[in-house]
J.: 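Can you keep this structure in mind? I'll have questions shortly.
For clarity, every value in this text was computed on a predicted model and none was experimentally measured. We use all heavy atoms of the structure for the numbers below, so side chains are in, but hydrogens, waters and symmetry mates are not.
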Amino acid sequence: MSHVNIICDKNSQLHGLIMLLAMQSLLKHTHFTSSIEIRPTALEADCLPKYLTISPEEWSWLLSLGLDETQVLAKSDGAFCLGWSFKNWLGIKQETFCGFAPLLAPVEGARGANLAARFMRENQHQSNFQQHSTALYSLNGQCWKTNHFSHPVNSPTNILSTLEYGVQLNVEGLCEVIQSKCSNPREFTGNLEGTSDTSTSSVLSISLLGNNFTDAMASANIKTSNNTSGSLACELSVSEQGFGITHFGRTTASSWRLNTSTIAKIVKVQVDVQTSSQSLSMHLPASMMLCADMGITTIRQYISRLSQMLPTNQGWLSNTQNVIKNNLQEINATCRLRALLPLYLSGKNASNSAQCDALINNFVHCGMIEEAETPLFDQAIMENLLLAFNYLPQSESGNAHLLNEEALSSLVNRVQSQFKQSAMALPNHKEYLERYLSRYL
């Protein structure tokens, strides 16, 4: 086996191209080659989100595959993103923010999220206490509030080292950047768009199709407008009519909405992984379309599993097929949990309630989210999401109680003040982007 051929359709071409880029990175020191086939779909309507939001962990992964941040941002109308904002969740009038960065800072062995959770619980009954304001407890939250941004620094003694950010990118532009890189003859020897002979034993065919969500996407509603102010958070909104995600690029804002009946169809779609000695079929989970990142986390985890069974001179060993199949099915199930948790928190969708309840109950009981429970997610983001919706732990680790109540309050106020002063000293987000990308525009 000496060649890997990835098959995708127009609906899944972004995921196919990312997989191709990752495959080439994994195979670059071997004699194996790779290629991609992009096939037409039954639904060619303009129904897929025009933008996506990539979290810090996924963005770092894409950059490690060889993408250049500045070039991708310039080509993809890119803007930096510090988290997700939620509107109209549970009838809450104020905007709820879930940042990407861990809250506060560790003190004497206590995790910052534990300290923040304890402070929120002890002060939630005060009349002047702002519930759902986890933005107060991180630098990127304060940057979101003030619309300021600058790149982090490497020095751990500098408060800017705590800033964590993702990006919001135009999907078409991102595809073009990846396709251009994969077309470089010095790095790629396959046929980018065409057909490959998969009948020979030297080819491993990986099918990554989006047919299972084609019908559901037919009801998607997309609106695009000029973005005059920019935004440092992807906005998720919910109503009786449905669910929407709005991304803010450097120049354009784009909203993507699905009605309630369509969401009900999406969450019911089950995905089956099929394997053979020469092929692997991974139909993408329809529920990933409800994620702000359109399932980039899922693709990264697919690649992680595939890297364990890349073709060798002996071929793909048959006894690994069931292991790979089980792993990929687990990824699909966890992707559903990630997509449905925000909807579950909104009170508008009870699907997958058993998994969501288990995750929330464990967090409320002990103040932690074990990595084994949500292996695809950044632990800090999940904690921030639950805290933003006022799911406060009943207890934390003993280290979180080393400070008395007065000392904890003083610490939180001091750190908040430092975060706010640091954020206000940074350049305006839009001005920073214009300077940062000036030589590429």
J.: Within the 4.5 Å heavy-atom criterion, are Trp84 and Pro342 side-chain neighbours or not?
T.: no
J.: Would you say the side-chain atoms of Ser207 pair up with the backbone N or O of His283, donor to acceptor, closer than 3.5 Å?
T.: no
J.: Would you say the ring centers of Tyr391 and Phe363 fall short of 6.0 Å from each other?
T.: no
J.: What are the two closest heavy atoms between Leu232 and His148, and how far apart are they?
T.: CD1-O, 3.4 Å
J.: In terms of heavy-atom contacts, does CD of Gln329 have more than 12 from other residues, nucleotides or ligands at under 6.0 Å?
T.: yes
J.: Do His247 side-chain atoms and Asn170 backbone N/O form a donor-acceptor pair below 3.5 Å?
T.: no
J.: For Arg257, check side-chain hydrogen bond (donor to acceptor under 3.5 Å, both in side chains) against everything at least two apart and list the hits.
T.: Ser237
J.: I'd like to know if the side chain of Ser76 and the backbone of Gly78 have a donor-acceptor N/O pair within less than 3.5 Å.
T.: no
J.: Taking atom types as modelled, find out whether Asn5 and Ser205 have a side-chain donor-acceptor pair closer than 3.5 angstrom.
T.: no
J.: Evaluate the side-chain proximity of Thr297 to Cys335: yes if any heavy-atom separation is below 4.5 Å, no if none is.
T.: no
J.: Short question: side chain of Ser281, backbone of Gln274 - any donor-acceptor pair under 3.5 Å?
T.: no
J.: Would Arg300 and Asp293 pass as an ion pair if we require N to O under 4.0 Å?
T.: no
J.: Could you walk me through whether Phe100 and Glu57 satisfy the side chain to side chain contact (heavy atoms under 4.5 Å, CB included) test, starting with their C-alpha distance in whole Å, then the side-chain angles of each, then the deciding distance to 0.1 Å, before giving a yes or no?
T.: CA-CA 9 Å; Phe100 291 147; Glu57 188 172 350; over 6 Å; no
J.: Can you tell me if Ser180 uses its side chain to pair, donor with acceptor, with the backbone of Glu176 under 3.5 Å?
T.: no
J.: Can you tell me if Asn384 and Tyr137 form a side-chain donor-acceptor pair at under 3.5 Å?
T.: no
J.: Using the side chain to side chain contact (heavy atoms under 4.5 Å, CB included) rule, pick out the option among Ile331, Ile206, Leu280 that qualifies with Tyr302.
T.: Ile331
J.: Using modelled atom types and a 3.5 Å cut-off, is there a donor and acceptor pairing between side-chain atoms of Thr246 and backbone atoms of Ser254?
T.: no
J.: Do His151 and Tyr165 pair up side chain to side chain, a donor and an acceptor below 3.5 Å, judged on atom types alone?
T.: yes
J.: Considering non-hydrogen atoms only, spot the tightest contact between Arg121 and Pro393 and give its length.
T.: NH1-O, 2.7 Å
J.: So, does Thr162 use its side chain to make a donor-acceptor pair with the main chain of Ile159 at under 3.5 Å?
T.: yes
J.: Of all the heavy-atom pairs spanning Cys81 and Thr53, show the shortest one and how long it is.
T.: SG-CG2, 3.6 Å
J.: Ignoring hydrogens and angles, tell me if any N or O in the side chain of Asn332 forms a donor-acceptor pair with the backbone of Pro285 under 3.5 Å.
T.: no
J.: Does any N or O in the side chain of Arg250 come within less than 3.5 Å of the main-chain N or O of Leu73, such that one atom is a donor and the other an acceptor?
T.: yes
J.: For Val177 versus Lys75, what's the shortest heavy-atom pair and its separation?
T.: CG2-CG, 3.4 Å
J.: Any idea which heavy atoms bring Leu284 and Ser12 closest together, and the distance?
T.: CD1-CB, 3.6 Å
J.: Just checking Tyr436 against Phe80, ring centres under 6.0 Å apart?
T.: yes
J.: Quick one: salt bridge (Lys or Arg N to Asp or Glu O under 4.0 Å) partners of Asp9, sequence neighbours excluded?
T.: none
J.: Kindly give the heavy-atom pair with the smallest separation between Ser35 and His3, and that separation in Å.
T.: OG-NE2, 2.8 Å
J.: Looking only at the side chains, is there a donor atom on one of Ser161 and Asn158 sitting less than 3.5 Å from an acceptor on the other?
T.: no
J.: Dump the intermediate steps for side chain to side chain contact (heavy atoms under 4.5 Å, CB included) on Glu235 and Phe248, then the final yes or no.
T.: CA-CA 9 Å; Glu235 180 182 299; Phe248 300 89; 4.1 Å; yes
J.: Given side chain to side chain contact (heavy atoms under 4.5 Å, CB included), test Lys181 with Gln24 step by step and report yes or no.
T.: CA-CA 10 Å; Lys181 180 171 181 59; Gln24 291 185 8; over 6 Å; no
J.: Rounded to the nearest 0.5 Å, what's the gap from CG on Leu104 to CZ on Phe419? Could you check?
T.: 6.0 Å
J.: When you measure from the side chain of Thr334 to the backbone of Glu330, do you find a donor-acceptor pair of N or O atoms at a distance under 3.5 Å?
T.: yes
